[in-house]
Amino acid sequence: MRMRVAYLGGVLPVLMSLSLLLTVLPEQVLAQGEVTSKIYRYRERVASGYYEGYEVSPRRQRARVAIPGTPRGTFPFGTASSAVRLRSRLPDSHRGLKFYERTTCIECHPREARDLHSTRADITCRQCHGPEPIAAIDHYYSPMNSIRRYAYICSKCHEGATVNFADFYVHEPPAGSLETWKSFPVLFVAYWGMLLLLVGTLAFFVPHALMVGARELTETRAFRIPRLITGHLFESLKQGFRSNKGKRSKKKKARADEGNNAH
Amino acid sequence: MHIRRFNRIQRLSHLFLVVTFLIQSGTGFGRLYITTDFGRSLCRLFGGYEAAIVIHFWVGVAMMAGFGGHILYLLKRIDRKDPVKSIMGPDSLVPGPQDGQHMFQRILWTFGLGSHPKLDRWAYWEKFDYWAVFWGLPLLAVTGVMLRFPVWTSIILPGWVLNIAALLHRAEAILAASFIFIVHFFIGHIRPTSFPMNEAMFSGSVHLEEAIHEKPLWVERLKKDGKFEQQKAKPPALWYRVLYYIFGYTALGFGLYILVNGIIYGRYIELH
């Protein structure tokens with residue numbers, strides 16, 4: 001009976017909390033949902049360049065024609081509108097750039113080359129962004145598109161990467177800048193919070209410790225304590241040295257006596 | 001005459017923390033500064049860039065095990081008959097309103113205004129030291145595990161949380177290392193009352209005169225409670241003192257090496 005009560009009192013609340021937790025947590029997305037078999041996957045899709053409609057369809061993303069900085073729907077559609085494009089949605093993101101063939105990625109994207117992937121893992125731009133023409137990250141058919149990035153890009157190195165995983169900002173914005181407050185506010189707050197904590201702690205304790213040290217210098221009493229400590233140490237060392245010296249001289253004397261006796 | 005200030009478990013915990021903290025600093029800052037000569041030489045000490053992270057992770061696991069042990073030790077130390085007194089009493093490290101008062105009084109004393117506060121067993125700066133480690137360790141552990149297992153983490157959390165984790169892990173490590181290598185080392189080694197080294201955490205005992213000078217309320221309380229005789233301790237042996245002096249100064253040297261190079265090479269790395 002007691003066991004049953006203990007079971008009902010202990011296990012059931014745990015199970016209930018777990019089920020509650022499951023309703024709160026985001027829905028699990030199995031790793032590589034699109035890739036059921038790597039071998040078939042490669043043979044039928046990647047190598048052939050053929051993808052199923054569901055893999056490349058825009059889903060919730062709609063084709064967007066927009067002018068950066070202009071609210072949606074306020075600009076008129078006209079013949080000229082067809083020329084308006086966002087680079088992040090072009091099939092060739094560098095289309096129309098002058099002297100593109102002679103430039104390197106770092107010349108135009110210096111900050112992007114300083115992230116952990118580049119500096120620590122020696123990953124080159126092409127390893128993720130692919131060969132020319134480099135599709136824009138939001139283009140429907142781009143492997144970098146967020147709907148399939150985890151399977152086509154991240155999983156190359158991070159086996160088992162999920163949709164969530166692809167949310168990682170490989171090219172982080174500068175955490176302290178005001179632009180980051182708009183694009184990645186949590187990073188901005190974490191950065192300034194930790195910086196304030198670091199600066200605040202040191203700004204209080206470093207001068208405080210130094211001032212205490214300076215004040216103690218004026219106190220004759222404070223000097224008695226280190227003298228007490230070191231004095232004892234030096235005295236002990238001296239005594240130890242003397243006693244060893246005494247032992248050595250006694251040994252020498254004993255040896256000399258032995259020699260004299262032998263003669 | 002000496003009186004006991006720390007028991008064997010407390011001293012061993014501190015020694016464990018010193019060793020693990022220095023290893024974590026060496027491996028962690030070695031990896032953070034890997035693009036510089038300083039980082040490469042630090043990593044070389046631990047077998048290279050890849051070996052450093054393996055050591056960093058397992059030493060971190062050991063630290064968390066130690067932290068778990070410390071929690072058990074704390075729970076054991078709570079007096080079940082009078083838990084409030086043992087948690088909030090003068091032998092506890094839980095901060096109280098008197099700590100703020102002592103801090104204010106001591107600041108005035110540094111300017112020559114008023115007398116030095118009469119401290120009990122734990123001073124406010126010692127409590128700060130303790131709680132800084134107490135909240136810093138779990139933060140570093142949680143973010144460290146998240147960064148070590150990013151794919152597992154992203155099963156339940158969005159990937160951008162890893163960006164935050166990396167930032168928090170680095171910032172907290174820099175905060176902890178700079179506090180220990182500047183403030184804690186200054187208080188423990190350099191300031192006139194401690195110079196050349198505050199031995200209490202290694203020997204376990206302090207000279208009575210030192211205790212009366214720094215913690216008069218504690219000594220008075222011991223005498224009042226009739227525990228003074230029990231607290232009497234033998235002074236540490238010479239060989240032991242030499243040993244912990246060498247150890248203490250090695251730790252100080254290693255810490256200063258990381259601190260100075262960290263500042264010099266700081267412009268080549270980013271916090272996030």
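From a predicted model like this one, the values you see are computed outputs, not experimental measurements. Letters go in sequence order (proteins before strands), and every chain restarts at 1.
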Checklist entry - Tell me, side chain or backbone of B:Phe186 under 4.5 Å from chain A's heavy atoms, or both, or neither? => result side chain

Checklist outcome for this item: Bottom line for A:Phe204: the part with an atom under 4.5 Å from chain B's heavy atoms is side chain

Next on the checklist: Can you confirm whether more than 12 heavy atoms, excluding those of B:Phe134, are under 6.0 Å from its CZ atom?
Outcome noted: yes

Next on the checklist: Test side chain to side chain contact (heavy atoms under 4.5 Å, CB included) on B:Val161 and A:Phe168; report intermediate values, then the result.
Outcome noted: CA-CA 7 Å; B:Val161 173; A:Phe168 177 74; over 6 Å; no

Item to check | Side-chain (A:Arg120) to main-chain (B:Arg31) donor-acceptor, under 3.5 angstrom | outcome: yes

Checklist entry - Should we say atom CD of A:Glu107 is surrounded by more than 12 heavy atoms from elsewhere, each under 6.0 Å from it? => result yes

Checklist entry - Would you say B:Trp239 has more than 12 foreign heavy atoms packed within less than 6.0 Å of its CH2? => result no

Next on the checklist: Using heavy-atom distances under 4.5 Å, tell me whether B:Leu162 contacts chain A through its side chain, its backbone, both, or neither.
Outcome noted: both

Item to check | Segment of A:Ala190 engaging chain B (4.5 angstrom heavy-atom cut-off) | outcome: both

Item to check | Per-residue contact mode, B:Trp152 against chain A (heavy atom under 4.5 angstrom) | outcome: neither

Item to check | Part of A:Leu210 lying under 4.5 Å from any heavy atom of chain B | outcome: both

Checklist entry - Going by the angle between their ring planes, with limits at 30° and 60°, are B:Phe128 and A:Phe205 parallel, tilted or perpendicular? => result tilted

Next on the checklist: I need the residue from B:Val183, B:Ile190, B:Ile107, B:Ile187 with the largest number of non-hydrogen atom pairs under 4.5 Å to chain A.
Outcome noted: B:Val183

Item to check | Euclidean distance, A:Arg215 CZ relative to B:Phe111 CZ, rounded to 0.5 Å | outcome: 11.5 Å

Next on the checklist: Counting only heavy atoms from other residues, nucleotides and ligands, does the tally under 6.0 Å from CG of A:Leu196 exceed 12?
Outcome noted: yes

Item to check | Any donor-acceptor pair under 3.5 Å from B:Arg191 side chain to A:Ala209 backbone | outcome: no

Next on the checklist: Counting only heavy atoms not in A:Leu178 (residues, nucleotides, ligands), do more than 12 fall under 6.0 Å from its CG?
Outcome noted: no

Next on the checklist: Does atom CZ (B:Phe104) have a neighbourhood of more than 12 heavy atoms from anything else shown, all under 6.0 Å?
Outcome noted: no

Item to check | Parallel, tilted or perpendicular, as decided by the 30° and 60° cut-offs, for the rings of A:His208 and B:Tyr124 | outcome: tilted

Checklist entry - Which heavy atom of B:Gly159 sits nearest a heavy atom of A:Asp167, and at what distance? => result N-CB, 3.4 Å

Checklist outcome for this item: Ranked by heavy-atom pairs below 4.5 Å to chain B, first place among A:Gly193, A:Ala214, A:Gly213 goes to A:Gly213

Next on the checklist: More than 12 heavy atoms of other residues, nucleotides or ligands under 6.0 Å from NZ of B:Lys234: yes or no?
Outcome noted: no

Item to check | Spacing of CD1 belonging to B:Ile164 relative to CG belonging to A:Leu187, to within rounding of 0.5 Å | outcome: 4.5 Å

Item to check | Side-chain donor/acceptor of A:Thr162 to backbone N/O of B:Ser154, under 3.5 Å | outcome: yes

Checklist entry - Shortest non-hydrogen contact from B:Ser178 to A:Leu202? => result OG-CD1, 3.9 Å

Checklist entry - If you measure from CH2 on B:Trp160 to CG on A:Asn164, what distance do you get to the nearest 0.5 Å? => result 10.5 Å

Item to check | Closest-packed option against chain A by number of heavy-atom pairs under 4.5 Å, given B:Glu172, B:His116, B:Arg106 | outcome: B:Arg106

Next on the checklist: Closer than 3.5 angstrom, by distance alone: can the side chain of B:Asn163 be matched with the main-chain N or O of A:Tyr169 as a donor-acceptor pair?
Outcome noted: yes

Next on the checklist: Report which part of A:Leu198 has an atom under 4.5 Å of a heavy atom belonging to chain B: side chain, backbone, both, or neither.
Outcome noted: both

